[in-house]
There are 2 protein chains.
Amino acid sequence: MMTAADQDRNISSSFAKGLAVLAVFDAETPCMTLAEIARRSGQDRATARRGALTLVQAGYLRQDGRMLSLTPRVLALAGGFLQANQFGRRVQPVLNRHAQQMEIEVTLAMLDQGRVLLLAQSTVEHGHITYGFTAGSHIPLAHTSLGRMLLAGLPAEEAAKVLAETDLPRHTEASLTDPAAILERVAQAREQGYCLTDSEFESGITGYAVPVSRPGQTPIVAGCSAPRGQQPEADAERLLRGLQLCAAELRHAEAVDHL
Amino acid sequence: MMTAADQDRNISSSFAKGLAVLAVFDAETPCMTLAEIARRSGQDRATARRGALTLVQAGYLRQDGRMLSLTPRVLALAGGFLQANQFGRRVQPVLNRHAQQMEIEVTLAMLDQGRVLLLAQSTVEHGHITYGFTAGSHIPLAHTSLGRMLLAGLPAEEAAKVLAETDLPRHTEASLTDPAAILERVAQAREQGYCLTDSEFESGITGYAVPVSRPGQTPIVAGCSAPRGQQPEADAERLLRGLQLCAAELRHAEAVDHL
DNA sequence: TTGACAGCGTTCGCAAAGCGAACATTGATG
DNA sequence: CATCAATGTTCGCTTTGCGAACGCTGTCAA
């Protein structure tokens, strides 16, 4: 009874469903019940159960009573990527150095499924403590300087499409909620080669971002954020200059060319 | 012809095989052909192919010609774990602070499949560049201070068993190759509450490690490494004291209690 | 040049793997 | 205590995906 919507024989649907189970843990939910996993992954409870139990056996999930949570082993998966791309040698040291010079936390990010995916982060002591994001965290696309700079790295129409598929929760009173207004800021960022946002994600915090990837490549950006200071213009100039230097060095090291 | 060794109906074997494909990328191999994946994962080429193609469709792998490589999306899997355990807020700042005070890179690690899994690493600027390991990297168990301190966190017999299942490649001339000799160092580490190794993994580099987890918990350790200096004893005392402070703070913050 | 060969990606018939309706089990509510 | 809702688990039927077999490409020796 082969349907017309012929499932691709090259794709393993069981595997895809299992991956969906694993991916469900991306939110800040530390642990979940089977039913919750099933709901979030849009699968039958029995299906989710098989996926989860398989993950437990493989050591990626731990089962405490009826609660399931990720084990540190998932880090090894990311480790493969980081090692392969030499992040430890080519990216992290550069971020660290500029972060120290700028006296601020510097973040490298790219697009992933309509959100901003943090690739790497460098922290300096005395830095302002943010939400506690790390490499692998997702942050909103529309209301962060990183996100808008990433959109600016796409062709205008594509950026509009990505943005249209994103929902725009209002994080602060300053959050822009009109897609057109956001796209205008994106266009502005594209033109001037940097992006600033103020208080649209965290109140009182200004975000700064510059492109790292070369035009045409998958967009990669570097950015930082800090409480708004006494001389916003001077701060912006100093931080953007620092970020530009950092970005130039990453480009020169070809550290992010094939992401 | 159902065998007596009845495969558990609760486990999805296709999913498990797919995961094995993903895990194969943990080595420093940036990209692989289908056949290579099949060989490394011990699967039939066709099976590996389905797994890989599924991963491509899910966005975790990218296909360039006949080469397959991980995409940054795998970071999101790790991000779930890091966010859930508040690494960004509870662990990373502590590591960074002590690293800055000690003027050296500090690493947090645990056991995973007979190897040392790096959980987090301080990101302060410093002089000495190591292999470029990052969170999620695996390093050897037997010839690093982190690894031996981890073994010391296990009951003696269990440590012996884990070590027996590990192979002991000789990284440098100084590498101990006799399991008994290694276990003796482990026992010593267990007694004195810290572990030093010298040149057994990288020539001329001394490794320092102390336990972080409480006795009985899954072992977690903190450590650092540096070129051997002029006054080894003074260095050791200073660094171990720093690591102990760092470990105590992590314990107090209960940052790593349920890993 | 040509034949043999080794290694690769891909296909397809048949066995077995896993989907989900249905069944237990738990725990909250009137 | 009965009712109900929500969760975890089982099992028959169908679909999925296993792997022998195939075709293709590049390499070597005759």
Side-chain angles (χ1 to χ4, degrees), chain A residues 1-25 27 29-71 84, chain B residues 1-25 27 29-71 84:
Chain A
M1 189 63 49
M2 170 91 46
T3 67
D6 182 15
Q7 285 284 21
D8 189 344
R9 290 290 247 92
N10 301 328
I11 299 291
S12 164
S13 66
S14 316
F15 181 25
K17 288 175 189 176
L19 281 175
V21 168
L22 188 58
V24 138
F25 285 85
T29 330
C31 52
M32 290 166 142
T33 74
L34 271 178
E36 201 165 354
I37 293 173
R39 227 175 300 115
R40 291 220 199 191
S41 62
Q43 295 175 348
D44 189 88
R45 284 200 311 283
T47 306
R49 178 171 180 268
R50 277 187 296 275
L53 290 182
T54 306
L55 284 166
V56 169
Q57 193 193 250
Y60 293 107
L61 280 187
R62 154 191 317 127
Q63 192 164 22
D64 282 337
R66 53 179 49 185
M67 284 322 212
L68 293 153
S69 56
L70 290 172
T71 70
Chain B
M1 192 61 49
M2 170 94 42
T3 67
D6 181 15
Q7 286 285 20
D8 190 344
R9 293 283 253 102
N10 301 330
I11 299 290
S12 163
S13 65
S14 318
F15 182 26
K17 288 175 189 176
L19 282 174
V21 168
L22 189 57
V24 138
F25 284 85
T29 330
C31 51
M32 290 165 139
T33 76
L34 230 31
E36 200 166 354
I37 294 174
R39 227 175 299 116
R40 293 220 197 189
S41 63
Q43 295 175 348
D44 188 88
R45 285 203 307 284
T47 307
R49 177 170 181 267
R50 278 188 294 276
L53 290 181
T54 307
L55 284 165
V56 168
Q57 194 194 248
Y60 293 106
L61 281 187
R62 152 191 321 125
Q63 191 165 19
D64 282 337
R66 55 179 46 185
M67 285 321 213
L68 293 154
S69 55
L70 290 172
T71 70

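Protein chains get the first letters and strands the later ones, always in sequence-line order, with residue 1 at the start of each.
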Problem set entry | Whole-Å distance separating the NZ atom of A:K17 from the C1' atom of C:dA17 | 12 Å
For this session: Just compare C:dG20, C:dT11, D:dT16 and give me whichever is closest to any side-chain atom of A:T47.
Result: C:dG20
For this session: Taking the side chain as every heavy atom from C-beta outward, state whether A:V21 and A:T47 have any atom pair closer than 4.5 Å.
Result: no
For this session: Tell me which of A:S14 and A:Q63 sits closer to the 5' end of DNA chain D, going by the nucleotide each one is nearest to.
Result: A:Q63
For this session: Nearest whole angstrom, please: distance from the C1' of D:dT9 to the CG of A:D44.
Result: 12 Å
Donor-acceptor pairs are to be reported for all side-chain atoms of residues 50-66 of chain B against protein atoms at under 3.5 Å, with residues two or more places apart or in another chain.
residue : atom : partner : partner atom : Å
B:T54   : OG1  : A:S12   : N            : 2.8
B:T54   : OG1  : B:R50   : O            : 2.7
B:R62   : NH2  : A:L259  : O            : 2.7

Exercise. Counting any heavy atom closer than 4.0 Å, what does B:I11 reach on the DNA or RNA strands: base, sugar-phosphate only, or nothing?
Worked result: sugar-phosphate
Exercise. Tell me, which of residues 54-62 of chain A have any heavy atom that sits under 4.0 Å from an atom in DNA chain D?
Worked result: none
For this session: Check A:L34 against A:R49 and note the closest heavy-atom contact, atom names and distance.
Result: CD2-CA, 3.6 Å
Problem set entry | Nearest atoms (heavy-atom pairs only) where A:E36 meets A:M32 | OE1-CA, 4.0 Å
Could you go over nucleotides 11-13 of chain D and give all protein N or O partners under 3.5 Å, atom names and distances?
residue : atom : partner : partner atom : Å
D:dG12  : O6   : B:R9    : NH2          : 2.8

With a 3.5 Å cut-off and sequence neighbours excluded, list the donor-acceptor pairs that the side chains of residues 37-45 of chain A form with protein atoms.
residue : atom : partner : partner atom : Å
A:R40   : NH1  : A:T29   : OG1          : 3.4
A:R40   : NH2  : A:T29   : OG1          : 3.2
A:S41   : OG   : A:I37   : O            : 2.8
A:S41   : OG   : A:A38   : O            : 3.4
A:Q43   : NE2  : A:K17   : O            : 2.9
A:D44   : OD2  : A:A46   : N            : 2.9

Exercise. Does A:S12 put a side-chain nitrogen or oxygen below 4.0 Å from OP1 or OP2 of D:dT16?
Worked result: no
For this session: Return the minimal non-hydrogen interatomic distance between A:P30 and B:A84, and the atom names on each side.
Result: CA-CB, 3.7 Å
Problem set entry | Five-pair end axes of the helix from C:dT1-D:dA30 to C:dG30-D:dC1 and the angle they enclose, rounded to 10° | 20°
Using a cut-off of under 3.5 Å, enumerate the N/O to N/O pairs linking the protein to nucleotides 7-9 of chain C.
residue : atom : partner : partner atom : Å
C:dC8   : OP1  : B:R39   : NH2          : 3.1
C:dG9   : OP1  : B:L34   : N            : 3.4
C:dG9   : OP2  : B:A35   : N            : 2.9
C:dG9   : N7   : B:R45   : NE           : 3.2
C:dG9   : O6   : B:R45   : NH2          : 2.7

Exercise. What is the distance from CE of A:M32 to C1' of D:dG8, rounded to the nearest Å?
Worked result: 17 Å
Problem set entry | Rounded distance [0.5 Å steps], OG in A:S69 versus CZ in A:F25 | 7.0 Å
